[in-house]
Student: 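Before we start, here is the structure in question, set down as structure tokens.
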Amino acid sequence: MATASIQHLSQRIRQMEESATIKMAQMARDLAAQGHDVISLSLGEPDFDTPAHIKEAAKKALDEGYTKYTPVPGLVELRKAIQAKFSRDNGLEYGLNQIVVSNGAKQSIANICLSLLDEGDEVIILAPYWVSYSEIVKLAGGVPVLVSADIEKDYKASAEQIAAAITSRTRVLLFSSPCNPTGSVYLKEELKAIAEVIARHEGIYIISDEIYEYINFTGKHASIGAFEEVKDRTVTVNGFSKGFAMTGWRLGYIGAPEWIAEACSKIQGQFTSGATSFGQKAAAYALLADMTPTFEMREAFRQRRDMVIELLGKIPGMKVNRPQGAFYIFPDISSYFGKHADGITINTADDFCEYLLHNAHVAVVTGSAFGADNCFRISYAASEKELREAIRRIGEAVSKLQ
Ligand code: PMP
Ligand code: GLU
């Protein structure tokens, strides 16, 4: 009889890493299910509920019968709202046929990579980078090329570094600002310098992931696609998960050159079709409604950031910077490498995170998942009480290291 074997899984899936953020969140849930008092600062997800007026809009849409398939790139009503939002907030003018709504920004990024990459094409990813970038790029046949910056540089790569990494195989530059996992925000002049480098090279496209746009403490968000020289070579990615606390709704979108938008729709038409109908109606409403809840959430995140920086800064050996956006802090913990406690030696950030999970019952994510081996990520999208207790526990665990 023929055997069934895990060895028959495709190379494609066997080579893929599991998402470290999702894996760590599950490990924390499992430990909690065993009765441990675990504080999970692993998953990057607002702890706030979706604002009530957005939920009401979804309920109304359901009652009005928005329960059917929608056009693959999204309801016209939502694309019009996105068009207005891009113009209002980003100085980006897109036609409706340049906008594609997906089941989350994650799907949007996969659509773009599958549309632009052939086997062996290089994608410059600014590191530290969000976990899924490298795996999506590899799935599409691309080769991730990391351009890194450390904490001394606020984790921001320079235009010169990017220029030096470009080869004849480079097809895409991919990054997020505000950045997951570092919280760093690229300033307008930094983006301008990057745009000028890309503009000098034929056939290189920018994927600008702006999903944390509304969680920016610097005042004004800047979109690289607004620079004339790269306007027709930039895909701007955004979504509802972070700014509107709508992670479970699964709604993301892009603004792109028409031919890329068409390609993304083509892929999506074969994989998943249009995003959830009544969710799209609520999303259209959210974009044009009162944004006060979004700005209140941003203010809450800013206050937590300040508290987290202050508390972490008191832990000897913990190196922190001052992130300007998102809800992450990304300390450098290399000063603990080589130290040990409770029979465990900390040689890597993975060891450190495992030590925190089992000895302090605090779940965080190792920097190695984000292309930064000396660091770990704390998501501070949690209550002040949880954050204080988690950092107290981290401090206690660190004090035992010798
Ligand atoms: N980009 C970044 C930088 C993220 O942190 C996330 C986190 N979810 C995503 C994209 C994907 O978001 P979505 O929930 O819209 O798929
Ligand atoms: N983007 C979030 C994070 O980085 C959510 C989890 C995920 O989609 O990877 O934690």
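Ligands are counted one by one from 1 in listed order, and the atoms in each one are counted from 1 as well. This structure is a prediction, so every number in the text was calculated from the model and none was measured.
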Student: Evaluate salt bridge (charged side-chain N to carboxylate O under 4.0 Å, His left out) for Lys281 paired with Glu77, printing each intermediate quantity in order.
Tutor: CA-CA 8 Å; Lys281 282 285 284 183; Glu77 181 183 339; 2.9 Å; yes

Student: Quick one: does any side-chain atom of Glu196 pair with a main-chain N or O of Ala193 as donor and acceptor, under 3.5 Å?
Tutor: no

Student: What do we get for Glu45 next to ligand 1 when only non-hydrogen atoms under 4.0 Å count, side chain, backbone, both or neither?
Tutor: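 It is neither; nothing of Glu45 touches ligand 1.
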
Student: What about Tyr328: any of its N or O atoms under 3.5 Å from an N or O on ligand 1?
Tutor: no

Student: I'd like to check whether Gly252 has a polar contact with ligand 1, where a contact means an N/O of the residue lying under 3.5 Å from an N/O of the ligand.
Tutor: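 For ligand 1, there is no N or O atom that lies under 3.5 Å from one belonging to Gly252.
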
Student: Any idea which protein heavy atom is nearest atom 11 (C) of ligand 1, and the distance to it?
Tutor: Trp130 CH2, 3.5 Å

Student: Give the contacting part of Tyr212 toward ligand 1: side chain, backbone, both or neither, where contact means a heavy-atom distance below 4.0 Å.
Tutor: side chain

Student: Do any pairs count as a salt bridge (charged side-chain N to carboxylate O under 4.0 Å, His left out) and have a residue in residues 179-190, sequence neighbours left out, and if so which ones?
Tutor: Lys156-Glu190

Student: Please write down residue, atom name and distance for the protein heavy atom closest to atom 15 (O) of ligand 1.
Tutor: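 The closest heavy atom on the protein side is Ala105 N, 2.7 Å.
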
Student: With sequence neighbours left out, which residue pairs that include part of residues 308-331 fulfil the ring-ring contact (aromatic ring centres under 6.0 Å, His included) condition?
Tutor: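 Of all non-adjacent pairs touching residues 308-331, those that pass ring-ring contact (aromatic ring centres under 6.0 Å, His included) are Tyr155-Phe330, Tyr212-Phe327, Tyr212-Tyr328, Phe301-Phe327, Phe330-Phe370.
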
Student: I'd like to know if the side chain of Glu389 and the backbone of Glu386 have a donor-acceptor N/O pair within less than 3.5 Å.
Tutor: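 Here the side-chain-to-backbone pair does not exist.
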
Student: Show the atoms of ligand 1 that are less than 4.0 angstrom away from any heavy atom in Ser241.
Tutor: 13 (P), 14 (O), 15 (O)

Student: Pairwise, report which nitrogen or oxygen atoms of ligand 2 are under 3.5 angstrom from protein nitrogen or oxygen atoms, and how far apart they are.
Tutor:
unit_1: ligand 2; atom_1: 1 (N); unit_2: Trp130; atom_2: NE1; d: 3.4
unit_1: ligand 2; atom_1: 1 (N); unit_2: Lys242; atom_2: NZ; d: 3.4
unit_1: ligand 2; atom_1: 4 (O); unit_2: Trp130; atom_2: NE1; d: 3.1
unit_1: ligand 2; atom_1: 4 (O); unit_2: Asn180; atom_2: ND2; d: 2.9
unit_1: ligand 2; atom_1: 4 (O); unit_2: Arg377; atom_2: NH1; d: 2.9
unit_1: ligand 2; atom_1: 8 (O); unit_2: Lys106; atom_2: NZ; d: 2.9
unit_1: ligand 2; atom_1: 9 (O); unit_2: Thr21; atom_2: OG1; d: 2.7
unit_1: ligand 2; atom_1: 10 (O); unit_2: Gly44; atom_2: N; d: 2.7
unit_1: ligand 2; atom_1: 10 (O); unit_2: Arg377; atom_2: NH2; d: 2.8

Student: Which residue holds the protein heavy atom closest to atom 8 (N) of ligand 1, what is that atom called, and what is the gap in Å?
Tutor: Lys242 NZ, 3.0 Å

Student: Which pairs with one or both residues in residues 199-211 pass salt bridge (charged side-chain N to carboxylate O under 4.0 Å, His left out), sequence neighbours excluded?
Tutor: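 Listed once each, the pairs would be none.
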
Student: Within a distance under 4.0 Å of any heavy atom of Arg250, pick out the atoms of ligand 1 and give their elements.
Tutor: 13 (P), 14 (O), 16 (O)

Student: Checking the side chain of Gln280 only, and the main-chain atoms of Gly74 only, is there a donor and an acceptor separated by less than 3.5 Å?
Tutor: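 Checked: no pair found.
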
Student: Tell me: protein heavy atom nearest atom 12 (O) of ligand 1, and distance?
Tutor: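 For atom 12 (O) of ligand 1, the nearest protein heavy atom is Ile211 CD1, 3.4 Å.
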
Student: With atoms numbered from 1 as shown, which atoms in ligand 1 lie under 4.0 angstrom from a non-hydrogen atom of Asn180?
Tutor: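 Listed by number with element: 3 (C), 4 (C), 5 (O).
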
Student: For the side chain of Ser223 and the backbone of Ala226, is there at least one donor-acceptor N/O pair under 3.5 Å apart?
Tutor: no

Student: Short question: side chain of Glu17, backbone of Glu135 - any donor-acceptor pair under 3.5 Å?
Tutor: no

Student: With nothing but distance in play, are any N or O atoms of Asp209 less than 3.5 Å from an N or O of ligand 1?
Tutor: yes

Student: Is Lys106 close to ligand 1, meaning an N/O of one under 3.5 Å from an N/O of the other?
Tutor: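 It does: an N or O of Lys106 is found under 3.5 Å from an N or O of ligand 1.
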
Student: Short question: side chain of Asp351, backbone of Asn347 - any donor-acceptor pair under 3.5 Å?
Tutor: yes

Student: Strictly distance-based, threshold 3.5 Å: is any side-chain N or O of Arg233 a donor or acceptor partner for the main-chain N or O of Ala199?
Tutor: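 Yes.
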
Student: Looking at Tyr253 versus Phe86, is the centre-to-centre ring distance below 6.0 Å?
Tutor: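 Yes, they do, as the ring centres are separated by less than 6.0 Å.
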
